[in-house]
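Here it is, the structure, as structure tokens.
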Amino acid sequence: MKKEKIQAPKGVSEYVPPASREFEWVREKLITPARMAGYSLMELPTFEDTQLFTRGVGESTDVVSKEMYTFEDRGGRSITLRPEGTAGVMRAVIEHNLDRGQLPVKVWYSGAFFRAERPQAGRYRQFYQVGIEAIGLDDPAIDAEVIAIADQGFKSLGLKRFRLEITSLGDSASRAAHHIELDKYISNLDLDEATSQRAKINPLRLFDDKRDEIKKLMSKAPLLMDYLSQESMTHFAEVQSHLKALKISFAINPYMVRGLDYYTGTTFEFIHEDLGAQSGIGGGGRYDGLMEQLGGQALSGIGFGLGVDRALLAARAEEVVPVETFTSQLFIIPLGAQAKSEALVIASQLRGHGHVVEIAFGERALKGAMKAADKSGAKFVVVLGDSELSSGSVELKEMSSGDSKSVRITSLHEAL
RNA sequence: GUGGGCGUAGCUCAGCUGGUAGAGCACCCGGUUGUGGUCCGGGAUGUCGCGGGUUCGAGCCCCGUCGCUCACCCCA
């Protein structure tokens, strides 16, 4: 009797061959620029004390208030699957006293994150992000470098149809002054219930509304950009001049809103043009009060999170995903039991020399095995039968040309 | 959480006004004994997402449910 099939939980993204190779490729490309800029790996738990997020990300945010996977563990502790990466990094930096050493602390991470949202194109309940954090520097140059690292990651994938938007959320004094004026402005608008409710939680959200009538209403609203303190303005101007020096094009978007409470100052977003509603492929910014909020020193920080799933969708949309990112060099077809045993030994030795080697297993006929070799994409194939075993040499056949030459088994690793 | 579309072989899909399933691709085997990609021949495969209901009879109709998908919302 056939048992009922068990399916993956709703809305998760998973990658199986052959698509998993594309995923690996994207993730590696996004990580590389961070490594090359001297960032070190931070490998953290996927679940944390719930308080880390309520306190770090902010209870008023949608992410915390309605999108977290929270449960009680067997010891009665409240645990949450991480919905984002920065809070966890801060917690670990504080816990391991990394902030007591040389600054800045520069780390990168990569892994799965969880949000209980309604799935749609590019939005999953378990998704993958690559991120970096640079902690303990106020220098605008580090802001530019962080942005440049993300930009480099996307460019190295071959992406072209994306843009960078930046803004400054200023310091807390700037925001407080603006908040009062914005509230005053919004209170005079005629809004529906849901919208005014959103405005109450975060008035900046209205700037992000997609409806034309709201856009129109908000077109004369006071902008945070106009309330920036002298310091914030200077900082932001320097970030921009660094970006220009780096030849990274950007647009200032004074309407940009980020959904996490900790952002301050420089804030940015990478948006892809071919992705539909979920077009943000990466984003980040400063979070100058976060560490203190979590019980650490009052150190500033800046970082980003890049969506691996979305970057892959973007790469597919632009058709820049390499066709074959994995091919073996040699495919060995053994004929007979003794040859099979010998094939295992030869393959093992060649792999020791750094060659990618596959063997035809099972009892397939030679023709079938050749087909398998062809499909594996292997560059070379050898047939290993009785005559080869006794002579000690094989015909090394190049699949693309069909040419072959006689090679001693013992010197195969040089011939490859 | 709200709304729209969809769910038939591994994949892409067809299936007329209800009469118990098909194509292409992929896969496997073979085309005389140990060499692939083309060509030819043959073959396996579906509880038609799941559960109810209407009917003599349902892949086609109705209800529910699960999932996928797109948008709102939110964001990576």
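A note on names: the letters A, B, ... follow the listed sequences, proteins ahead of strands, and every chain is numbered from 1. Note that this is a predicted model, so its numbers are computed, not measured.
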* Asked: Is A:Glu48 salt-bridged to A:Arg82, cutoff N-O under 4.0 Å?
  -> no

* Electrostatic pair A:Glu181-A:Lys184, nearest N-O below 4.0 angstrom -> yes

* **Residues touching RNA chain B, which here means a heavy atom under 4.0 Å, drawn from residues 39-56 of chain A** => none

* To do: Using the C1' atoms only, state how far B:C48 lies from B:C6, rounded to an integer number of Å.
  => 14 Å

* Pick the P atom in B:C68 and in B:U8, then give their distance to the nearest Å. => 14 Å

* Asked: Has A:Phe113 got its ring stacked on B:A76, by the test of a centre gap below 5.5 Å and a plane angle below 30°?
  -> no

* Asked: Counting any heavy atom closer than 4.0 Å, what does A:Ser404 reach on the DNA or RNA strands: base, sugar-phosphate only, or nothing?
  -> nothing

* **Closest nucleotide among B:A71, B:G34, B:A76 to the A:Arg310 side chain** => B:A76

* Can you tell me, in whole Å, how much space there is between the C1' of B:U45 and that of B:C27? => 10 Å

* **Side-chain (A:Ser13) to main-chain (A:Gln126) donor-acceptor, under 3.5 angstrom** => yes

* Partners meeting salt bridge (charged side-chain N to carboxylate O under 4.0 Å, His left out) with A:Arg77 (sequence neighbours left out) -> A:Asp73

* Distance from A:Thr264 atom OG1 to A:Asp288 atom CG, nearest 0.5 Å? -> 3.5 Å

* Could you tell me whether the side chain of A:Asp374 has a donor or acceptor atom within less than 3.5 Å of a complementary atom in the base of B:G36? => yes

* To do: Please list residues of residues 270-277 of chain A whose heavy atoms come under 4.0 Å from any atom in RNA chain B, ordered by number; otherwise none.
  => A:Gly276, A:Ala277

* **Base of B:G1 paired with side chain of A:Glu67 (donor-acceptor, under 3.5 Å)** => no

* Which pairs, with at least one residue in residues 338-357 of chain A and sequence neighbours excluded, count as a salt bridge (charged side-chain N to carboxylate O under 4.0 Å, His left out)? -> A:Lys340-A:Glu363

* Asked: On a plain distance test, is the side chain of A:Gln120 in donor-acceptor contact with the base of B:C73 below 3.5 Å?
  -> yes

* To do: Measure distances between side-chain N and O atoms of A:Arg123 and base N and O atoms of B:C70, and say whether any donor-acceptor pair falls under 3.5 Å.
  => no

* Asked: Which ones in residues 360-371 of chain A lie close to RNA chain B, meaning a heavy atom under 4.0 Å from one of its atoms?
  -> A:Arg364, A:Leu366, A:Lys367, A:Met370, A:Lys371

* Tell me what A:Ala121 touches on the nucleic acid: a base, only sugar-phosphate, or nothing, going by heavy atoms under 4.0 Å. => sugar-phosphate

* Take atom P in B:C50 and the same atom in B:A9, then report the distance between them in whole Å. => 10 Å

* To do: With P as the reference atom in both, quote the distance from B:G46 to B:C11 in angstrom, rounded to an integer.
  => 14 Å

* Structure fact -> d(A:Met399 CE, A:Phe331 CZ) to nearest 0.5 Å is 8.5 Å

* Rounded to whole angstrom, note down the P distance from B:C25 over to B:G37. => 16 Å

* To do: Mind checking A:Arg205 for me? I need base, sugar-phosphate or nothing, with any heavy atom below 4.0 Å counting as a touch.
  => sugar-phosphate

* Asked: When all nucleic acid strands are considered with a 4.0 Å heavy-atom cut-off, which category describes A:Ser400: base, sugar-phosphate, or nothing?
  -> base

* Asked: Which part of the nucleic acid, if any, lies within contact of A:Glu388, taking any heavy atom under 4.0 Å across all strands shown: a base, the sugar-phosphate backbone alone, or nothing?
  -> base

* Residue list, side-chain contact (heavy atoms from CB on, under 4.5 Å) with A:Ser174, at least two apart or on another chain -> A:Asp171, A:Leu228, A:Ser229, A:Ser232

* Can a donor-acceptor pair under 3.5 Å be found between the side-chain atoms of A:Glu117 and the base atoms of B:A76? -> yes

* Asked: Of all the choices, B:G1, B:U35, B:G67, which nucleotide is nearest to the side chain of A:Lys397 once you look at every atom?
  -> B:U35

* Check every strand shown and say whether A:Tyr128 touches a base, only sugar-phosphate, or nothing at a heavy-atom separation below 4.0 Å. => nothing

* To do: Could you check whether A:Leu260 gets within reach of a base, just the sugar-phosphate, or nothing at all, counting any heavy atom under 4.0 Å?
  => sugar-phosphate

* To do: Taking atom C1' in both B:U55 and B:G10, compute the distance separating them and give it to the nearest angstrom.
  => 35 Å

* Distance, C1' atom - from B:G51 to B:C56, rounded to whole angstrom -> 23 Å

Side-chain donor/acceptor pairs under 3.5 Å, residues 156-166 of chain A, sequence neighbours excluded:
| from | atom 1 | to | atom 2 | distance (Å) |
| --- | --- | --- | --- | --- |
| A:Ser156 | OG | A:Gln152 | O | 3.4 |
| A:Ser156 | OG | A:Gly153 | O | 2.8 |
| A:Arg161 | NE | A:Asp274 | OD1 | 3.3 |
| A:Arg161 | NE | A:Asp274 | OD2 | 2.9 |
| A:Arg161 | NH2 | A:Asp274 | OD2 | 2.7 |
| A:Arg163 | NE | A:Glu165 | OE2 | 3.0 |
| A:Arg163 | NH2 | A:Glu165 | OE2 | 3.4 |
| A:Glu165 | OE1 | A:Asn253 | ND2 | 2.8 |

* Asked: Hey, what do you get for CZ (A:Phe250) to NZ (A:Lys244), rounding to the nearest 0.5 Å?
  -> 5.0 Å

* What nucleic acid atoms does A:Gln278 come within less than 4.0 Å of, heavy atoms only: base, sugar-phosphate, or nothing? -> base

* **Touch class at under 4.0 angstrom, heavy-atom based, for A:Gly131 against every strand present** => nothing

* With A:Glu84 via side chain to side chain donor-acceptor pair (under 3.5 Å) - residues at least two apart -> A:Tyr262

* Salt-bridge criterion met for A:Lys106 and A:Glu133 (N-O under 4.0 Å) -> no

* Side chain A:Arg258 and base B:C75 donor-acceptor under 3.5 Å -> no

* So which pairs with a foot in residues 369-412 of chain A pass ring-ring contact (aromatic ring centres under 6.0 Å, His included), sequence neighbours left out? -> none

* **Residue pairs passing the salt bridge (charged side-chain N to carboxylate O under 4.0 Å, His left out) test where at least one lies in residues 402-416 of chain A, sequence neighbours excluded** => none

* Phosphate OP1/OP2 of B:C27 contacted by A:Lys375 side-chain N/O (<4.0 Å) -> yes

* To do: Kindly indicate whether the side chain of A:Leu224, heavy atoms from C-beta on, has any atom under 4.5 Å from the side chain of A:His179.
  => no

* To do: Just call it for A:Asn202: base, sugar-phosphate, or nothing, with non-hydrogen atoms closer than 4.0 Å on any strand.
  => nothing

* Residue pairs passing the ring-ring contact (aromatic ring centres under 6.0 Å, His included) test where at least one lies in residues 120-151 of chain A, sequence neighbours excluded -> A:Phe23-A:Tyr128

* 5'-to-3' dot-bracket of RNA chain B (Watson-Crick, G-U; under 3.5 angstrom; crossing pairs as [ ]; | other strand) -> (((((((..((((........)))).(((((.......))))).....(((((.......))))))))))))....

* Asked: Between A:Arg205 and A:Asp62, is the closest basic N to carboxylate O distance under 4.0 Å?
  -> yes

* Asked: Which residue, A:Gly11 or A:Val257, contacts RNA chain B at a nucleotide closer to its 5' end, judged by nearest heavy atom?
  -> A:Gly11

* Closest-nucleotide 5' rank along RNA chain B - winner of A:Gly402 and A:Asp62 -> A:Gly402

